[in-house]
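This chain uses plain numbering: 1 for the first residue, then up along the sequence. Because the structure is a prediction, the values reported are computed rather than measured.
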Amino acid sequence: MTRKYVSGGTELVFEQYHVPADTGIEIHVRNKRPASMTHFRADRTIVMIHGATFSSGSLYDVPFNGMSFLDFLAAAGYDVHALDVRGYGHSSRPSEMESPADDSAPVVGTDIGVRDLGAVVDHVRSLRGLERVCVFGMSWGGTVAGAYTSRNEDKVEKLSLLAPQWLSDKPIPIDAGGPLSAYRLVPVRESKARWLSTAPEYGRATLIPDGWFEQWADFTLAEDPWSKERTPDLIRASNGPIQDIRDYWRAGRKYYNPSDIRVPVLLVHGEWDIDVPIDLAQALFLELKHAPYRKWVEIGEATHLVLLEKNRLLAYRAIRDFFDEEFVPEVSLQNR
């Protein structure tokens, strides 16, 4: 599907396509870019991956006030490709996710996420004739993006992470405990109370502008056909990422080594994020010791879902500015 529309005063192209992964699995991708774009560059091409619960459409493409995060980046001159890992959004579901959840162990762990991200990166590189692309990921997607970059630096121009997972000696809210089945059912319309509860009481009334939650919930439910056919107001989310929290992040085991990342990195974090508290984000930031340069942006009055909240534009602009900038170390200037 291809269509043109105007957002942010710029005519954009919106395409959706699928990338073959394993046998019987196709990865859905949303692509937005300026309609005038005819030349593609590594530093203007971004591949994006979502977190452990919601799809890329749900997190990055709900058009609040007529503009989504993907619209914002495309209007800024970027060719943006946002993928749904298998089991999410409009990508194929593993067979275990089409059966009762208790019939199978957790599916679609981080290894699978890295594989699916790699398939889309390679597709975009081939499609656009590029050696590298920029990569963005949030939460569990930040783990996937970080791990992929640590192993494929020759394919990544820059890396931006929003609230990525890291080692924790405290319980992680997304893991409610107990046995894990293949997937969990998420009550989308009931999630507002939990979302607001992560902010201080004084900030809750204004955190999500009027009408935004309802718009987001409608969009999110439309991302999973089961919410219409079998489980009204519920979506499926794979439990593989939760199993990996137990096997890695709560067990003191690094899934990947951030010091192996040798491309520029931006880390964005929200002041009120209890899913990835500031000490976890800082610990990861300090591990990025071999990045050519690294930046930290803290967004005030923002939770883990900052991209869907009143201060979303602060995060949008920080990420855009990082990808925009051409950084030349001062020592290089002195040697010219």
Is a donor from one side chain sitting under 3.5 angstrom from an acceptor on the other, for Thr110 and Asp244?
yes

According to the interplanar angle, ranging from 0 to 90°, do the rings of His50 and Trp140 count as parallel (below 30°), tilted (30 to 60°) or perpendicular (above 60°)?
tilted

Do Ser55 and Glu223 have side-chain N/O donor and acceptor atoms under 3.5 Å apart? yes

With Glu15 as partner, the option from Lys32, Lys4, Arg33, Arg3 fulfilling salt bridge (Lys or Arg N to Asp or Glu O under 4.0 Å) is Arg33

Whether the Tyr17 and His28 side chains hold a donor-acceptor pair (N or O, under 3.5 Å, no angle test) is what I'd like checked.
no

(Q) Salt bridge or not between Asp260 and Lys254? Use side-chain N to carboxylate O under 4.0 Å. (A) no

TODO: Give a yes or no on whether the backbone of Val276 and the side-chain of Asp273 come within a donor-acceptor separation of less than 3.5 Å.
DONE: yes

Quiz item: Does a donor on one side chain sit under 3.5 Å from an acceptor on the other, for Arg184 and Thr53?
Solution: yes

Practice problem: Go through the side-chain N and O atoms of His304 and Ser139 and say whether any donor and acceptor fall under 3.5 Å apart. | Solution: yes

Less than 4.0 Å between a side-chain N and a carboxylate O, is that true for Arg30 and Asp84? no

Between the side chain of Arg312 and the main-chain N/O of Phe64, is any donor-acceptor distance below 3.5 Å? yes

Cut-off 3.5 Å, side chains only: do Ser259 and Glu287 have a donor facing an acceptor? no

The residue among Phe219, Tyr88, Trp216 that forms ring pair (Phe, Tyr, Trp, His ring centres under 6.0 Å) with Phe54 is Trp216

Exercise. Quick one: does Glu271's side chain have a donor or acceptor within less than 3.5 Å of a partner on Glu301's backbone?
Worked result: yes

On a heavy-atom basis, the closest approach of Ala199 and Arg204 is O-NE, 2.9 Å

Check: Does Val85 offer a backbone N or O that forms a donor-acceptor pair with the side chain of Asp116 under 3.5 Å?
Finding: no

Open item on the list: If only side-chain N and O atoms count, and only distance matters, is there a donor-acceptor pair under 3.5 Å linking Asp224 with Ser227?
Closed with: no

**Prompt:** With distance as the sole criterion, is a donor-acceptor pair present between the side chains of Trp212 and Glu214 under 3.5 Å?
**Reply:** no

message = Using modelled atom types and a 3.5 Å cut-off, is there a donor and acceptor pairing between side-chain atoms of Asn31 and backbone atoms of Val80?
response = yes

Would you say the rings of Phe136 and Tyr60 are close, in the sense that their centroids are separated by under 6.0 Å? yes

In Tyr316, Tyr78, Phe323, the residue satisfying ring pair (Phe, Tyr, Trp, His ring centres under 6.0 Å) with Phe72 is Tyr316

- Message: Under a plain distance cut-off of 3.5 Å, with no hydrogens placed, do Trp195 and Glu309 share a side-chain donor-acceptor pair?
- Response: yes

Look at the side chain of Ser150 and the backbone N and O of Ala147, then say whether any donor-acceptor pair between them is shorter than 3.5 Å.
yes

(message) Closer than 4.0 angstrom, basic N to acidic O: yes or no for Arg86 and Asp22?
(response) yes

Is any side-chain N of the basic residue among Lys228 and Asp218 closer than 4.0 Å to the acidic one's carboxylate O?
-> no

query = Hey, are Asp247 and Gln243 close enough side-chain-wise for a donor-acceptor pair under 3.5 Å?
reply = yes

Heavy atoms of Leu159 and Ala145 approach each other most closely as CD1-CB, 3.9 Å

Heavy-atom neighbours of Asp154 CG exceed 12 at 6.0 Å: yes

Modelled atom types, side-chain donor and acceptor of Tyr293 and Glu325, under 3.5 Å: yes

Worksheet entry | Asp122 bridged to Lys155 by N-O distance under 4.0 Å | yes

Can you tell me how the ring of Tyr255 sits relative to the ring of Tyr248, calling it parallel under 30°, perpendicular over 60° and tilted otherwise? perpendicular

